[in-house]
Amino acid sequence: MTFETDAAGERLPNGERRRWWKEAVVYQVYPRSFADSDGDGVGDIRGIVDRVGHLDDLGVDVVWLNPVYESPQADNGYDIADYRAIDEQYGTMADWEELLDTLHDHDIRLIMDLVVNHTSDEHDWFQNALTSRDADYRDYYIWREGRDAAEVDETYDVGPDGEVPPNDWESFFGGPAWAYHEATGEWYLHLFDRKQPDLNWENPDVRDDVFEMMNWWIEKGIDGFRMDVINLVSKPEGLPSTDPEAGIRTIDRVTNGPRVHEFLGEMRDRVLDRGFLTVGEMIGDPLPGEHARRYVSPGPDGDGLSMLFHFEHVLLDRGERIWETTDWDLTDLKAVFDRWQAAFADEGWNSLYLNNHDQPRMVSRFGNDGEYRRESAKLLGTLLHTLRGTPYVYQGEELGMTNYPFESLDDFRDVGTLNPVRTALDRGVVESFDAVKEALRANSRDNARTPVQWSDEEHAGFSDAEPWISVNPNYDEVNAEAERADEDSVYHYYRRLVEFRHENDVVVYGDYDPLTPDHESLWAYTRTLGDERLFVVLNFADEATTYDAPAELVGDATLALGNYDDDDGVDETLDLRPWEARVYRTR
Ligand code: NOJ
């Protein structure tokens with residue numbers, strides 16, 4: 001396997017340097033739900049090896065593999081008990097090595113999920129930390145004494161009588177972010193589940209161990225990392241409580257902490273180089289401000305990550321709680337993307353996604369998963385593959401997979417759905433499941449985690465056994481076999497999108513200029529590189545929409561890509577059909 005290094009990087013007409021990870025399309029594999037090779041109902045690494053042909057045929061360049069490390073699976077592998085071992089549910093280290101080799105043989109690179117804000121409570125470090133206040137690894141985690149209940153006006157049903165957690169932070173999965181450990185009489189911080197204690201990055205030994213572990217994986221030949229909630233690793237001094245009056249919530253307290261750039265800078269110097277694809281998941285404050293710039297800046301004050309995931313567009317329809325939704329419209333969505341496109345126009349780089357394992361299916365959320373499932377899935381794909389940035393395809397997206405029709409709480413598996421809803425039901429904050437059913441159907445992460453639909457056979461060809469989470473009942477219609485057999489499918493359109501990007505520098509490096517920021521249903525823009533220009537028009541509506549396009553763009557435009565199978569011609573007045581997407585080459 002030989003991949004070009006691009007440390008120097010040839011320069012493009014706009015002066016920018018070529019980078020392989022800017023030109024790449026990343027495909028995300030959530031192993032639990034991808035393909036089950038051994039008939040236990042849970043996806044595994046051999047299942048992925050067996051399906052590398054699917055990825056190769058799609059044409060993607062990189063696989064981001066969600067965690068496969070040894071884990072009690074409290075959060076489907078985001079609770080790691082051993083960073084250097086493969087969970088036996090997923091296979092063995094030999095299987096993983098075979099996966100790496102097979103991908104590389106197909107010229108597909110592999111990036112691993114790096115989960116180092118927290119470990120599992122079953123990790124040896126934490127087990128040691130529990131033995132006493134003086135244990136060797138005690139300071140690998142964040143321990144504090146509780147507060148005197150008489151002195152605070154907060155109610156909790158955890159911890160010993162008369163004592164409340166060290167501060168009022170809430171876990172992202174609901175309830176307090178602290179768990180009491182009786183034997184040593186202190187509380188430990190867990191921003192996620194109580195089985196995911198936060199590591200104490202202030203301790204240099206933690207950083208040494210994390211960096212050493214990263215280098216160990218690099219030596220094995222991987223091509224980069226996706227960094228889980230990496231902007232949480234530095235906690236604010238004194239761990240101050242929230243300040244509701246000033247509008248400061250837990251998430252505001254814990255993101256982009258005072259030493260985060262120092263820690264990431266150290267990681268850059270001790271582990272990373274620009275030959276890797278590194279993408280940092282950055283939760284919280286969604287604005288593309290100074291922190292965002294520093295995370296991805298290659299300059300001396302930058303952390304040098306290749307790109308980041310922000311959440312601004314996937315928070316548009318979300319309330320504070322998982323059972324709350326808010327209204328959004330296309331102008332909001334465009335405004336978010338326009339801001340981020342502008343933020344990294346000269347330096348830094350965007351990652352482009354509309355769904356992943358933590359988000360509902362994009363066609364159900366941003367498209368129309370009924371009558372126009374196929375058209376809108378293709379339109380959304382067109383958007384992702386023609387903006388400036390690196391597109392991420394989440395497994396099943398290329399098949400146009402949709403949200404799942406959840407009927408009861410028993411249908412869900414996700415700790416991030418179950419914990420908060422159960423707590424709210426117990427406390428009477430939520431009256432009944434039915435009262436929140438629609439919102440959970442729209443919002444739950446489990447929508448993305450149902451098995452990939454490979455065929456119309458039983459269990460959608462995912463497994464011979466009952467899967468760990470139900471298959472979407474539409475698998476008889478929506479599945480890879482059917483998609484492959486149909487030239488007009490979402491799948492084949494995605495293949496064209498990937499190829500289009502590979503063949504046209506303007507798609508990767510061109511400047512982005514929005515044309516219709518205020519239009520309610522049209523999103524039109526140009527991409528320009530030297531004397532090459534693309535003109536993209538997307539109709540986000542169930543109705544036909546007319547667009548009076550700028551004359552200079554349509555003059556000698558030719559259609560390069562479109563999601564209706566006929567070419568409707570080009571004119572200053574463009575009549576776009578429902579969910580129609582067109583990409584013109586123009587001047
Ligand atoms: C973000 C991951 O993507 C999500 O699945 C996980 O639950 C949290 N981080 C905690 O690791």
Side-chain angles (χ1 to χ4, degrees), residues 26 28-34 43 63-81 83 87 90 111-123 126 141-142 169-175 177 179 188-199 201 210 225-233 235 250-251 254-256 260 278-284 286 305 307-315 318 322 351 353-362 392 394-395 412-421 443-450 468-469:
V26 183
Q28 185 191 345
V29 173
Y30 193 67
R32 211 176 174 74
S33 308
F34 191 69
V63 163
W64 151 25
L65 183 62
N66 285 107
V68 288
Y69 315 98
E70 193 178 307
S71 158
Q73 305 289 330
D75 186 17
N76 290 0
Y78 281 96
D79 48 321
I80 297 174
Y83 286 107
D87 195 285
Y90 294 135
I111 66 170
M112 295 292 279
D113 220 306
L114 178 78
V115 189
V116 289
N117 173 66
H118 45 268
T119 67
S120 163
D121 64 342
E122 297 183 30
H123 193 291
F126 193 73
Y141 297 89
I142 300 171
W169 292 356
E170 262 189 74
S171 147
F172 295 118
F173 293 160
Y188 66 86
L189 178 69
H190 61 89
L191 289 177
F192 294 90
D193 190 64
R194 59 179 295 132
K195 285 186 69 62
Q196 295 168 291
D198 280 52
L199 281 167
W201 276 62
V210 165
F225 295 101
R226 174 269 185 185
M227 302 179 180
D228 192 61
V229 291
I230 201 68
N231 66 332
L232 291 183
V233 294
K235 311 294 192 276
T250 303
I251 193 156
V254 298
T255 47
N256 312 320
V260 69
T278 50
V279 50
E281 187 197 30
M282 306 294 175
I283 66 168
L305 299 182
M307 57 191 107
L308 55 77
F309 291 128
H310 70 80
F311 282 66
E312 199 177 356
H313 57 307
V314 292
L315 290 174
R318 297 293 287 262
I322 187 173
S351 56
Y353 76 99
L354 287 172
N355 51 198
N356 59 34
H357 67 293
D358 290 332
Q359 301 295 331
R361 289 279 173 189
M362 72 181 197
Y392 285 70
Y394 177 66
Q395 64 185 33
F412 293 93
R413 298 286 175 275
D414 169 32
V415 63
T417 305
L418 294 170
N419 276 9
V421 176
N443 292 343
S444 175
R445 311 196 290 185
D446 275 339
N447 282 302
R449 299 177 179 187
T450 64
W468 67 279
I469 185 169

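Computed over heavy atoms, backbone and side chain alike; hydrogens, waters and symmetry mates excluded. Indexing begins at 1, ligand by ligand and atom by atom, following the structure's order.
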Novice: Looking at Arg449, which atoms of ligand 1 are within less than 4.0 Å of one of its heavy atoms?
Specialist: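 By the 4.0 Å cutoff, the relevant atoms are 5 (O).
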Novice: Heavy-atom contact check, 4.0 Å cutoff: does Met227 meet ligand 1?
Specialist: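 Met227 does not count as a contact of ligand 1 under the 4.0 Å cut-off.
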Novice: Give the atoms of ligand 1, by number and element, whose distance to some non-hydrogen atom of Glu281 is under 4.0 Å.
Specialist: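 In order of numbering, the contacting atoms are 1 (C), 3 (O), 9 (N).
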Novice: Give me the nearest non-hydrogen protein atom to atom 3 (O) of ligand 1 as residue plus atom name, then the distance to 0.1 Å.
Specialist: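 Nearest neighbour among protein heavy atoms for atom 3 (O) of ligand 1, to 0.1 Å: Asp358 OD2, 2.4 Å.
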Novice: Could you tell me which non-hydrogen atom of Val116 sits nearest to which non-hydrogen atom of Trp201, and how far apart they are?
Specialist: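 It is O-NE1, 2.8 Å.
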Novice: Going by distance alone, is a donor N or O of one side chain under 3.5 Å from an acceptor N or O of the other, for Asp87 and Ser71?
Specialist: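 Absent: no donor and acceptor within the cut-off.
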Novice: Need the ligand 1 atom indices (1-based, order shown) with element for anything under 4.0 Å from a heavy-atom of His118.
Specialist: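 That gives atoms 10 (C), 11 (O) of ligand 1.
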Novice: Is Arg226 touching ligand 1 with its side chain, its backbone, both, or neither, if touching means heavy atoms under 4.0 Å apart?
Specialist: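 Looking at Arg226 and ligand 1, just side chain atoms fall under 4.0 Å.
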Novice: Do the ring centers of Tyr353 and Tyr394 come within less than 6.0 Å of each other?
Specialist: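 No, the ring of Tyr353 stays outside the 6.0 Å limit from the ring of Tyr394, centre to centre.
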Novice: Is there a ring pair (Phe, Tyr, Trp, His ring centres under 6.0 Å) between Tyr30 and Trp468 once you walk through the steps?
Specialist: CA-CA 13 Å; Tyr30 193 67; Trp468 67 279; 7.1 Å; no
Novice: When the aromatic ring centroids of Tyr78 and Phe192 are compared, is their separation below 6.0 Å?
Specialist: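 No; Phe192 has its ring centre 6.0 Å or more from that of Tyr78.
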Novice: Enumerate the atoms of ligand 1 whose separation from the nearest heavy atom of Arg445 is less than 4.0 angstrom.
Specialist: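 Counting from 1, the qualifying ligand atoms are 4 (C), 5 (O), 6 (C), 7 (O).
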Novice: Given the side-chain rings of Tyr141 and His118, with only the six-membered ring counted for Trp, is the space between their centroids under 6.0 Å?
Specialist: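 Ring centroids of Tyr141 and His118 are no less than 6.0 Å from each other.
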Novice: Less than 4.0 Å between a side-chain N and a carboxylate O, is that true for Arg413 and Asp446?
Specialist: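 Here Asp446 does not pair with Arg413 in a salt bridge, since their nearest N and O are not under 4.0 Å apart.
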Novice: Considering non-hydrogen atoms of the protein only, which is the closest contact for atom 7 (O) of ligand 1, and what is the distance?
Specialist: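 The closest one turns out to be Asp75 OD2, 2.5 Å.
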Novice: Under 4.0 Å from any heavy atom of Val229, which atoms of ligand 1 are there?
Specialist: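 Here the atoms of ligand 1 in question are 9 (N).
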Novice: Is it the case that the side chains of Asn117 and Asp228 hold a donor-acceptor pair, with the cut-off being a distance below 3.5 Å and no angle test?
Specialist: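 Not at all, the side chains of Asp228 and Asn117 share no donor-acceptor pair under 3.5 Å.
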Novice: Is it the side chain (CB and beyond), the backbone, both or neither of Phe173 that lies under 4.0 Å from ligand 1, heavy atoms counted?
Specialist: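 It is the side chain that gets close, since no backbone atom is under 4.0 Å.
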Novice: So, do Tyr392 and Phe309 have ring centers that fall under 6.0 Å from each other?
Specialist: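 Distance test on ring centres: under 6.0 Å, yes.
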Novice: Any idea which protein heavy atom is nearest atom 11 (O) of ligand 1, and the distance to it?
Specialist: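 Of the protein heavy atoms, Asp228 OD2, 2.7 Å lies nearest.
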Novice: Considering heavy atoms of the protein only, find what lies nearest to atom 8 (C) of ligand 1 and give residue, atom and distance to 0.1 Å.
Specialist: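 Going by distance alone, atom 8 (C) of ligand 1 is nearest to Phe192 CE2, 3.8 Å.
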Novice: Does ligand 1 have a heavy atom under 4.0 Å from the side chain of Gln359, from its backbone, from both, or from neither?
Specialist: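 Under 4.0 Å from ligand 1, Gln359 contributes no heavy atoms.
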